[in-house]
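I have placed the structure first, in the form of structure tokens, so that the comments after it can refer back to it.
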Amino acid sequence: MLDSFFYWVGTAYRDTAYVSGLKIAGILCSYADIFVAAILLRITDVIRERAPSKFRYGVLIVFAVITPTLLLPKEGLDFFILQFIVLAPPYLILMYTAFTEARFFMAYVKDKIFSRQQKSRL
């Protein structure tokens with residue numbers, strides 16, 4: 001099922017100018033995703049008062065390094081598959097961190113709002 005989806009999307013990218021634009025956009029999106037994920041990880045580390053997760057930051061660094069490989073594919077289908085491979089892990093880290101750390105983040109925000117309200121009453 002996924003192979004026919006990738007084939008359909010890949011064959012739609014025939015024009016070389018369009019594919020070149022997609023390559024640039026893919027690289028920019030990948031770096032933006034990595035940057036947002038790194039910021040979220042750092043915020044989480046500060047809130048939880050713990051050492052940074054070497055594994056998660058390491059994965060982000062690895063994918064930041066391999067992101068320029070998006071310039072290599074000559075055909076749309078190859079580009080689409082490589083883009084999926086390069087973009088998926090940072091998104092997965094972002095989602096995993098958001099889901100597993102949401103309650104700590106929300107408790108921190110609630111505490112800050114409550115303490116600010118207490119100060120304004122005084």
By side-chain hydrogen bond (donor to acceptor under 3.5 Å, both in side chains), which residues pair with [X], not counting sequence neighbours?
{"X": "T97", "value": "R56"}
{"X": "Y57", "value": "D45"}
{"X": "R42", "value": "none"}

Hey, is CZ on R103 packed in by over 12 heavy atoms from elsewhere, all under 6.0 Å?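 It does not: R103 CZ has 12 such atoms or fewer within range.
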With hydrophobic residues grouped by side-chain heavy-atom distances under 4.5 Å, do [X] and [Y] end up in a single group?
{"X": "M106", "Y": "I43", "value": "yes"}
{"X": "Y108", "Y": "F114", "value": "no"}
{"X": "L92", "Y": "F99", "value": "yes"}

Qualifying residues under side-chain contact (heavy atoms from CB on, under 4.5 Å), relative to F35, sequence neighbours excluded: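 Partners of F35 by the side-chain contact (heavy atoms from CB on, under 4.5 Å) criterion, ordered by chain and then number, come out as I39.
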Go through the structure and list residues passing side-chain contact (heavy atoms from CB on, under 4.5 Å) with F84, not counting sequence neighbours.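 Per chain and number, F84 pairs via side-chain contact (heavy atoms from CB on, under 4.5 Å) with F6.
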Any side-chain heavy atom of [X] sitting closer than 4.5 Å to one from [Y]?
{"X": "Y96", "Y": "T100", "answer": "yes"}
{"X": "F105", "Y": "I47", "answer": "yes"}
{"X": "I24", "Y": "L70", "answer": "no"}
{"X": "I93", "Y": "L40", "answer": "no"}

Nearest 0.5 angstrom please: E49 CD to T44 OG1, how far?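 Here the interatomic distance stands at 13.0 Å.
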Test salt bridge (Lys or Arg N to Asp or Glu O under 4.0 Å) applied to D111 - qualifying residues, sequence neighbours left out: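 Salt bridge (Lys or Arg N to Asp or Glu O under 4.0 Å) check on D111 returns nothing, list empty.
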Looking at [X] and [Y], what are the two nearest heavy atoms and their distance?
{"X": "C29", "Y": "L87", "value": "C-CD2, 4.3 Å"}
{"X": "P89", "Y": "V59", "value": "CB-CG1, 4.4 Å"}
{"X": "F63", "Y": "I34", "value": "C-CD1, 3.8 Å"}
{"X": "P90", "Y": "A37", "value": "O-CB, 4.2 Å"}
{"X": "A38", "Y": "L60", "value": "N-CD1, 3.8 Å"}
{"X": "L71", "Y": "K23", "value": "O-NZ, 3.2 Å"}

Please step through side chain to side chain contact (heavy atoms under 4.5 Å, CB included) for the pair L94 and V36, ending with a clear verdict. CA-CA 8 Å; L94 192 59; V36 169; 4.1 Å; yes
Y7 vs L77, test: side chain to side chain contact (heavy atoms under 4.5 Å, CB included). Steps then yes/no. CA-CA 6 Å; Y7 181 77; L77 179 60; 4.1 Å; yes
Positive for side chain to side chain contact (heavy atoms under 4.5 Å, CB included) with T67, one of L28, D33, I27, V62: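 In the set L28, D33, I27, V62, the residue that makes a side chain to side chain contact (heavy atoms under 4.5 Å, CB included) with T67 is I27.
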